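From a predicted model like this one, the values you see are computed outputs, not experimental measurements. Just so you know, ligand 1 is whichever comes first in the structure, and atom 1 is the first atom listed for that ligand.
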Amino acid sequence: MVEYYPSGCGVLGILRKKNAPKVKGNLVVRAIDRVRYRGSDKGAGFAVFNLERRNYYVVKAFYDGDPEELKEIFLRHGVRIENVELIAKHSDLCDCNLIALGDLNQIKKAIRDINETIWNSEGRKGRVYSVGSSLHVYKGVGYPRDVASKYNVEELEGDLWLAHTRQPTNSPGYYPFWSHPFSSFNVAIVHNGDVSSFGANVEYLTSRGLSSFVGTDSEVLAFLFEELIEEGLSIEEAIKILINPSRRFNALSRDVDYLYRNARLDGPFTAVIGYDAGDDLYLIAIADRAKFRPAIIGEDEFYYYVASEENEIREISPKARVWTLKPGSYFIASLNKGVISYGRSKEELMTFSPPPIMFPERYDINAYNIGYKELNYEILKLAKEGKREITVANVLGHRYIGINLPAMGINNLRINLYGVVGNAMANLNEGNEFYVYGNVADDCCDTMHGGKVVIYGDARDVLAQTFQNGRIFVKGNAGNRVGIQMREYKDKRPYLIIGGIVDDYLGEYMAGGVIVIFGKGFNGEPVGNFVGTGMVGGRIYIRGRISTSKLGLQPPKYEVIRLLRALYIDGLISSEEYESLKDSEYIEIMDKLKGEAKEYAKKLFEEKIGVPKYEYRELTEDEFKELLPVIEEYSRDMNDNSYVELLKEKFTIVSARRL
Ligand SMILES: NC(=O)CC[C@H](N)C(=O)O
């Protein structure tokens with residue numbers, strides 16, 4: 001039996017390319033069903049768009065009563081309904097399609113009023129949950145397959161699809177009102193995470209005349225996007241406001257930032273937005289600036305994909321190329337224009353690993369049709385029978401691989417994994433070796449105490465959290481928050497070696513151990529922002545020079561200038577010093593200040609702000625001696641002896657700053 005434990009929502013988006021065939025519903029259902037363990041039986045849904053012009057709107061409503069009553073309510077609000085069709089029942093609720101004729105603005109106004117009446121005044125008697133010229137939302141209580149079979153979703157076709165499996169964190173799930181997708185006039189969204197700015201966002205929307213909300217945090221996303229576009233902003237302007245980028249990078253002008261302050265999203269989110277602009281269809285994916293939820297983007301010959309996990313994409317497209325969104329970034333593609341924004345630079349895109357190898361010539365277990373518990377059980381069984389090397393083919397999102405082994409006293413096994421490994425592989429590992437011929441998902445090697453993990457593809461977010469002994473070798477890239485809280489004790493020292501590039505918060509709160517980032521074949525800086533924030537021990541070696549602005553959590557520029565001005569007024573620095581320092585980076589300023597001025601600056605910033613120590617140089621003899629055997633082993637595993645040469649180059653070396 002395949003057992004699943006709920007964990008967080010699963011999202012999916014698929015857009016066809018211009019000359020590609022339409023996307024069949026059965027593919028969408030298969031893909032979202034791959035991550036049904038992320039959801040629960042408390043809600044699932046689909047949105048399908050087709051770029052067709054019609055002279056009417058399809059209004060969809062849940063209603064606890066005779067659907068004909070709805071017609072009257074619409075008429076009272078000045079909207080002519082051509083046809084009312086009962087399409088399904090959700091216990092006592094009718095699910096109806098209404099064909100509305102008339103002016104769009106009039107229909108919009110009427111629908112806001114109608115929801116105010118049937119949801120607010122009549123105590124949740126019903127709700128209009130989607131309106132579109134080509135958009136159809138299908139949602140309900142249950143798993144994606146339950147909702148799909150109720151509406152024959154597998155038989156439908158579309159240019160653009162969204163799908164969702166829900167693990168409710170806000171608002172209940174016993175009626176379909178709270179299921180995703182949420183929709184507002186030609187816009188539909190699915191979301192994984194929590195919108196903690198819900199209150200401020202509702203305030204913003206209320207000020208724009210909206211008055212009826214079902215209470216799921218995610219719904220504001222649909223309303224906000226639609227409202228911002230309605231106010232004349234471009235798609236990119238609108239989503240930059242929603243994403244709420246860090247003020248440190250000035251992604252928005254001050255005026256825009258201020259004007260739309262209540263339209264910003266806060267909290268963790270990955271969201272997929274589908275938008276029918278009339279002449280084109282858009283697939284958009286956004287990630288919060290700390291990237292607290294996964295977001296995988298994919299592309300093959302026919303389609304663009306957005307998913308929570310790579311296995312959703314692999315289920316239907318084994319050869320797609322995939323990459324991740326950078327923290328606080330966005331992906332936009334349209335049916336007519338293709339990709340408008342990739343969510344990271346083209347150069348970075350090129351560094352992502354090719355599609356995984358799913359099948360070796362010989363293997364012991366085919367994981368395709370078994371759940372992760374069963375897979376762990378099979379591995380354990382073979383280990384107990386005395387097998388020292390076990391090969392698994394067709395891994396597709398299986399989680400917690402190997403987690404049961406240390407507790408069972410098995411610490412000298414080699415496990416070869418072919419495919420796409422799910423979350424939390426090799427957690428708590430003590431002595432086993434894992435060789436992955438593909439990519440691994442989030443939280444790999446958490447609290448690993450020993451043994452070895454070799455990944456020939458990419459690792460995603462939170463790789464090697466509290467990693468404390470052993471070796472982790474990644475050939476490709478790793479994601480956000482890599483090596484956080486790594487530590488060492490006596491002769492136990494963990495080594496994390498990454499051939500490619502990483503995103504933000506590398507080595508956050510690191511307390512021990514060694515991280516090496518080679519950025520091989522990449523010309524830019526191979527790390528994101530906030531490197532070594534709050535670091536208290538250990539060392540990070542990054543090949544090449546990294547701009548100091550990427551290190552730690554630094555104070556905003558204006559605060560630093562304010563301090564310099566105060567130091568000048570108090571006579572602690574001269575006017576020349578003030579002039580020469582004021583345009584420098586924070587770390588350079590801190591290095592150049594002396595005496596009492598430095599003491600002041602330290603008190604103000606350093607004790608509160610986790611900025612690590614920074615050096616740019618070749619390795620010392622001792623460092624080289626320490627790292628050489630590790631890098632030789634890495635080279636052997638990667639079958640590429642150029643890494644030892646790279647070790648002789650100059651590195652940015654980040655370590656704890658002693659105050
Ligand atoms: N698990 C999630 O990502 C939940 C999404 C959203 N907060 C909801 O309750 O529907």
Side-chain angles (χ1 to χ4, degrees), residues 4-13 32-47 62 90 124 127 129-130 137-144 146-147 162-184 187-202 205 213-225 242-244 264-274 285-296 306-309 312 325 327 397 399 422-424 441-443 460-462 480:
Y4 292 109
Y5 285 84
S7 62
C9 293
V11 300
L12 175 72
I32 192 69
D33 194 46
R34 259 288 147 199
V35 289
R36 65 188 216 123
Y37 52 76
R38 294 185 67 91
S40 69
D41 59 358
K42 299 285 179 289
F46 302 86
F62 296 126
H90 291 269
R124 299 179 179 174
R127 179 149 192 107
Y129 63 89
S130 114
V137 169
Y138 301 96
K139 63 185 188 176
V141 178
Y143 281 101
D146 304 328
V147 176
L162 308 184
H164 192 257
T165 180
R166 179 173 187 231
Q167 172 61 36
T169 59
N170 268 285
S171 74
Y174 54 84
Y175 275 127
F177 300 119
W178 300 292
S179 300
H180 304 220
F182 288 98
S183 166
S184 182
V187 174
I189 69 99
V190 290
H191 164 232
N192 171 207
D194 291 279
V195 178
S196 49
S197 52
F198 184 74
N201 299 148
V202 164
L205 293 165
F213 302 92
V214 296
T216 306
D217 55 338
S218 320
E219 70 180 318
V220 294
L221 262 144
F223 296 138
L224 288 171
F225 182 81
L242 290 178
I243 288 176
N244 190 8
R264 297 174 196 148
L265 297 175
D266 212 341
F269 56 84
T270 283
V272 191
I273 303 170
I286 60 176
D288 67 86
R289 67 188 187 202
K291 179 99 188 300
F292 279 127
R293 292 294 180 275
I296 311 283
V306 177
S308 292
E309 295 187 24
E312 297 168 73
L325 280 186
R399 308 175 142 199
N423 289 348
D442 297 342
D443 201 31
R460 309 286 182 217
D461 297 344
V462 203
N480 206 32

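Aromatic ring orientation, His191 versus Phe269: tilted (interplanar angle from 30° to 60°). Using cut-offs of 30° and 60° on the angle between ring planes, the pair Trp178 and Tyr174 is perpendicular.
Distances below 4.0 Å separate heavy atoms of Pro168 from the following atoms of ligand 1: 9 (O). Against a heavy-atom cut-off of under 4.0 Å, Thr216 is close to the following atoms of ligand 1: 8 (C), 10 (O). Every atom of ligand 1 with a heavy atom of Arg166 under 4.0 Å away is listed here by number and element: 8 (C), 9 (O), 10 (O). Near Asp194, meaning under 4.0 Å from any of its heavy atoms, are these atoms of ligand 1: 7 (N).
Between the CD1 atom of Ile296 and the CD atom of Glu312 there is a distance of 9.0 Å, given to the nearest 0.5 Å. Rounding to the nearest 0.5 Å places CZ of Arg264 at 11.5 Å from CG of Leu242.
At a 3.5 angstrom cut-off on N or O pairs, Asn192 counts as close to ligand 1. In terms of polar-atom proximity, Gly193 is counted as a contact of ligand 1, with an N or O under 3.5 Å from an N or O of the ligand. Below 3.5 Å of separation, one finds no N or O of Trp178 facing any N or O of ligand 1.
Between Phe223 and Phe213, a ring centre-to-centre spacing shorter than 6.0 Å is recorded.
Evaluated for a salt bridge (charged side-chain N to carboxylate O under 4.0 Å, His left out) with Glu309, the options Arg293, Arg460, Arg399, Arg34 yield exactly one hit, Arg399.
Asp194 and Thr169 share a donor-acceptor pair across their side chains, judged by distance under 3.5 Å alone.
Checking Asn170, Val11, Asp217, Val190 against atom 6 (C) of ligand 1, the nearest heavy atom belongs to Asp217.
With a 6.0 Å cutoff to the six-membered ring centre and a 45° limit on the axis angle, Arg36 counts as a cation-pi contact of Tyr143.
Residue Cys9 touches ligand 1 through backbone and side chain together, judged by heavy-atom distances below 4.0 Å. Contacts between Val195 and ligand 1, counted as non-hydrogen atom pairs separated by less than 4.0 Å, are absent for every part of the residue.
Assignment of Arg293 to the shell around ligand 1 is not supported, since no heavy atom sits closer than 4.0 Å.
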